[in-house]
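Please read the structure below before turning to the comments.
Below, chain A is the first sequence line, B the second, and so on; all start at residue 1. Because the structure is predicted, anything quoted here is derived from the model rather than measured.
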2 protein chains.
Amino acid sequence: MISLNYRDARPIYEQIKDELRRLVVTGALREGEKLPSVRSMASALAINPNTIQKAYGELEAEGYLTSLPGKGSFASVPETDVGKERREHLFLRLGEIAEELRYLGEDEQAVVSRIKQTYTAAGGRGLRRGFREKRSGPEKKQDPAKSNEDPS
Amino acid sequence: MISLNYRDARPIYEQIKDELRRLVVTGALREGEKLPSVRSMASALAINPNTIQKAYGELEAEGYLTSLPGKGSFASVPETDVGKERREHLFLRLGEIAEELRYLGEDEQAVVSRIKQTYTAAGGRGLRRGFREKRSGPEKKQDPAKSNEDPS
DNA sequence: TTAGTGTATTATTCCATCTAGTACAGTCAC
DNA sequence: GTGACTGTACTAGATGGAATAATACACTAA
């Protein structure tokens, strides 16, 4: 699912964050889908569980992940307010990159085409939260509908 | 000219690189314009000259800066071949950002508008090397016009 | 000559990263 | 309840990049 690059300047937990975020936004991981447990992914990548824990924790702060103690971690869509900060950050970076590309000689057409390519390639993926239907994923931080079992 | 943020996760030399690059691509620093010397900028920012040296060195590798031993460092436009790698990197990031913005609910129109805004705001700045006329900047590694001497 | 420039080198301090180990509480199948 | 999972928290230590400090050399220009 994830491969690490020890030559990469980014720390390991950043690589994991970026890769997991990429899997979510590209649709490879759908909302509500269960991710490997902290310990199992640590074992699979042959690294320390604390490193995975850090990546999961920060990704949860971004809203791309929801963790439920005792149950697991699940891919999720950032709440509108959390996603707002993220979107503002992304728009800022977008402007900086466009500015530099322009300086390097790329015309508007070339840059816009690259944007349109992304939206064309993506099918019906990535609709707003308000437009999506309910699904199997955990609602907020609460326990998803459980059966009539009595724990004790 | 540059202000540092010690709370920033990025190392100091990265902050300097990013800021200087930004000044160049936005036109605040024009090609051939002289930058503060390694020692003077280190003094102005109250940091070690080695840190400035590292920032300048990497920025020169990117093509945004040309250093001439004994004379100084000057803003420059990346050679086409050096800039090619940079452009490819920027296009890659552009695609990733667009993908995430789309996932967060931004429609194509909103993203494209941000791009066009950049190109509209910029006047005649940032033309390709082949289209630019000869100017005061250093040709390759040769002596730049001595007229530019404002290292504020 | 003198002062300023870029550049290189070595040594040292500092801190984020990563590891290692342990611990606790919640969930779920049995 | 038991056991095996789960997320989470904490301490302690090792490692490596970042930044500093101090010199040194060659080049440029007034």
Side-chain angles (χ1 to χ4, degrees), chain A residues 4-18 20 33-61 65-76 138 141-152, chain B residues 2 4-18 20 33-61 65-76 138 141-151:
Chain A
L4 299 180
N5 178 13
Y6 287 90
R7 290 185 176 183
D8 198 320
R10 294 174 302 169
I12 297 177
Y13 75 94
E14 284 283 358
Q15 293 184 42
I16 296 172
K17 277 176 58 182
D18 292 344
L20 285 181
E33 195 164 349
K34 193 173 187 300
L35 277 70
S37 73
V38 170
R39 291 174 179 81
S40 65
M41 178 171 284
S43 177
L45 296 179
I47 63 176
N48 195 281
N50 293 336
T51 304
I52 305 292
Q53 174 66 22
K54 182 167 186 176
Y56 276 22
E58 295 195 2
L59 216 46
E60 184 172 14
L65 187 151
T66 300
S67 292
L68 300 176
K71 308 197 69 169
S73 300
F74 307 85
S76 62
K141 273 293 204 174
Q142 297 305 325
D143 193 351
K146 60 189 299 182
S147 56
N148 302 347
E149 289 295 324
D150 191 4
S152 65
Chain B
I2 288 185
L4 299 180
N5 178 14
Y6 286 91
R7 290 186 177 184
D8 197 321
R10 293 173 302 169
I12 297 178
Y13 76 94
E14 285 282 357
Q15 293 184 42
I16 296 173
K17 275 175 59 180
D18 292 344
L20 285 180
E33 196 164 348
K34 191 172 188 298
L35 276 69
S37 72
V38 170
R39 292 174 179 83
S40 65
M41 179 172 282
S43 176
L45 296 179
I47 62 177
N48 195 281
N50 293 338
T51 304
I52 304 292
Q53 174 65 24
K54 182 169 186 175
Y56 276 22
E58 295 195 1
L59 216 45
E60 183 172 15
L65 187 151
T66 300
S67 293
L68 300 177
K71 308 197 69 169
S73 300
F74 307 84
S76 62
K141 274 291 198 176
Q142 298 306 325
D143 191 352
K146 56 174 56 177
S147 56
N148 300 325
E149 51 169 340
D150 183 75

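Inspection of the B:S40 and B:S43 side chains reveals no N or O donor paired with an N or O acceptor under 3.5 Å.
Rounded to whole angstrom, the span from the CD atom of B:E58 across to the P atom of C:dG6 amounts to 17 Å. Separating the CZ atom of B:R10 from the C1' atom of C:dC15 is a distance of 18 Å, rounded to the nearest angstrom. At whole-Å resolution of the value, CD in A:Q15 and C1' in C:dT17 are 12 Å apart. Atom NZ of A:K34 is separated from atom P of D:dT6 by 6 Å (rounded to the nearest Å). Atom OH of B:Y6 and atom C1' of D:dA18 are 12 Å apart (whole Å). Residue A:N5 contributes atom CG, which lies 17 Å from atom P of C:dT17 at whole-angstrom precision. When the P atom of C:dC15 is taken as reference, atom CG of B:D8 falls 17 Å away, rounded to whole Å. Taking atom CD1 of B:I47 as the reference point, atom P of C:dT13 lies 21 Å away to the nearest angstrom.
Dashed line: the shortest gap from a side-chain N or O of A:Y13 to OP1 or OP2 of C:dC18 is not under 4.0 Å. Considering only side-chain N and O atoms, B:T51 lies under 4.0 angstrom from the phosphate OP1 or OP2 of D:dT20. OP1 or OP2 of C:dG6 has not a single side-chain nitrogen or oxygen of B:S67 nearer than 4.0 Å. For the OP1/OP2 pair of D:dT6 and a distance below 4.0 Å, the side-chain nitrogens and oxygens of A:S37 include at least one atom meeting the criterion. Side-chain N/O atoms of B:S40 include none lying less than 4.0 angstrom from OP1 or OP2 on C:dG4.
Here the side chains of A:L45 and A:I16 are in contact, with some heavy-atom distance below 4.5 Å.
In terms of position along DNA chain D, the nucleotide closest to B:K54 lies nearer the 5' end than the nucleotide closest to the other residue of the pair B:K54 and B:N50. For A:I12 and A:G70, each mapped to the nucleotide of DNA chain C holding its nearest heavy atom, the one lying further toward the 5' end belongs to A:I12.
The listed nucleotides are C:dT5, C:dT7, D:dA29; the one nearest the side chain of B:K71 is D:dA29. Of all nucleotides listed (D:dA19, D:dT8, D:dA29), D:dT8 comes nearest to the side chain of A:P69. Considering only the side chain of B:Q53, C:dT7 comes nearest among C:dT5, D:dT20, C:dT7.
The structure places CZ of B:F74 at 9.5 Å from CG of B:L65, a figure rounded to the nearest 0.5 Å. Here the straight-line distance linking atom CG of B:L35 with atom OH of B:Y56 works out to 4.5 Å at 0.5 Å rounding. A:I47 CD1 to A:Y6 OH: the interatomic distance, rounded to the nearest 0.5 Å, is 6.0 Å.
Under 3.5 Å, the side chain of B:N48 and the base of D:dA21 form at least one donor-acceptor pair of N or O atoms. Judged by atom type and distance alone, B:R39 reaches the base of C:dG6 through a side-chain donor-acceptor pair under 3.5 Å.
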